[in-house]
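This report refers to the structure that appears directly beneath it.
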Amino acid sequence: MTLLDERPITDALLHAFVDGQLDDVLMTKVEAYLDKHPERIADLQTWTQQNAAIQKLYTYRDIPPKFAKLPE
């Protein structure tokens with residue numbers, strides 16, 4: 001058993017789950033947690049909706065800024 005196996009399921013970990021930032025081991029652990037705690041799924045749905053609203057407001061966020069050409 002590793003420390004990751006003992007890591008508690010926190011809101012930060014659930015946010016990372018929603019954002020697709022977990023590795024396979026933690027993804028499986030969170031999925032097992034959600035199976036035992038289905039009441040938390042409402043939180044995940046809310047965060048997913050918030051992410052979609054933010055993306056809609058800031059559609060340009062993934063576009064790199066244009067910088068003035070530097071003098072050579």
Side-chain angles (χ1 to χ4, degrees):
M1 183 176 284
T2 67
L3 288 176
L4 286 179
D5 294 330
E6 299 173 15
R7 185 175 176 180
I9 303 297
T10 62
D11 279 358
L13 197 55
L14 292 173
H15 277 280
F17 177 83
V18 167
D19 294 339
Q21 297 178 345
L22 298 181
D23 62 23
D24 291 342
V25 172
L26 286 175
M27 183 78 72
T28 300
K29 183 176 179 179
V30 170
E31 289 170 347
Y33 171 83
L34 292 172
D35 285 342
K36 294 178 183 176
H37 303 286
E39 71 279 3
R40 295 305 312 264
I41 293 173
D43 293 330
L44 275 61
Q45 291 170 332
T46 298
W47 298 334
T48 299
Q49 291 169 352
Q50 288 173 342
N51 285 350
I54 290 168
Q55 289 291 327
K56 189 174 182 179
L57 285 172
Y58 300 101
T59 56
Y60 57 85
R61 101 173 202 211
D62 290 330
I63 300 171
K66 292 184 179 179
F67 297 104
K69 186 174 180 180
L70 296 175
E72 295 179 22

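One-based numbering along the sequence shown.
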So, using salt bridge (charged side-chain N to carboxylate O under 4.0 Å, His left out) as the criterion, who are the partners of D19 when residues are at least two apart?
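For D19 there are no salt bridge (charged side-chain N to carboxylate O under 4.0 Å, His left out) partners, ignoring immediate neighbours.
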
Which residues satisfy the salt bridge (charged side-chain N to carboxylate O under 4.0 Å, His left out) test with D11, sequence neighbours excluded?
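With sequence neighbours excluded, D11 shows a salt bridge (charged side-chain N to carboxylate O under 4.0 Å, His left out) to R40, given in chain and number order.
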
Quick one: are N51 and V18 in side-chain contact, heavy atoms under 4.5 Å?
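The answer is yes, as the side chains (C-beta and beyond) meet within the 4.5 Å cut-off.
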
Results of side-chain contact (heavy atoms from CB on, under 4.5 Å) for I41 - residues two or more places apart only:
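I41 satisfies side-chain contact (heavy atoms from CB on, under 4.5 Å) with L34, P38, Q45 once adjacent residues are dropped.
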
Qualifying residues under side-chain contact (heavy atoms from CB on, under 4.5 Å), relative to A32, sequence neighbours excluded:
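Once residues adjacent in sequence are excluded, A32 has no partner under the side-chain contact (heavy atoms from CB on, under 4.5 Å) criterion.
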
Run through H37, E31, K29, K36 and flag the one making a side chain to side chain contact (heavy atoms under 4.5 Å, CB included) with Y33.
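Result for side chain to side chain contact (heavy atoms under 4.5 Å, CB included) with Y33: H37.
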
Pairing residues for D35 by the side-chain hydrogen bond (donor to acceptor under 3.5 Å, both in side chains) criterion, not counting sequence neighbours:
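For D35, no residue satisfies side-chain hydrogen bond (donor to acceptor under 3.5 Å, both in side chains) once neighbours in sequence are set aside.
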
Could you please spell out the steps behind the side chain to side chain contact (heavy atoms under 4.5 Å, CB included) verdict for T28 and L22?
CA-CA 9 Å; T28 300; L22 298 181; over 6 Å; no

Measure the CH2-CD1 distance between W47 and I54 for me, rounded to the nearest 0.5 Å.
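If I round to the nearest 0.5 Å, the distance is 13.0 Å.
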
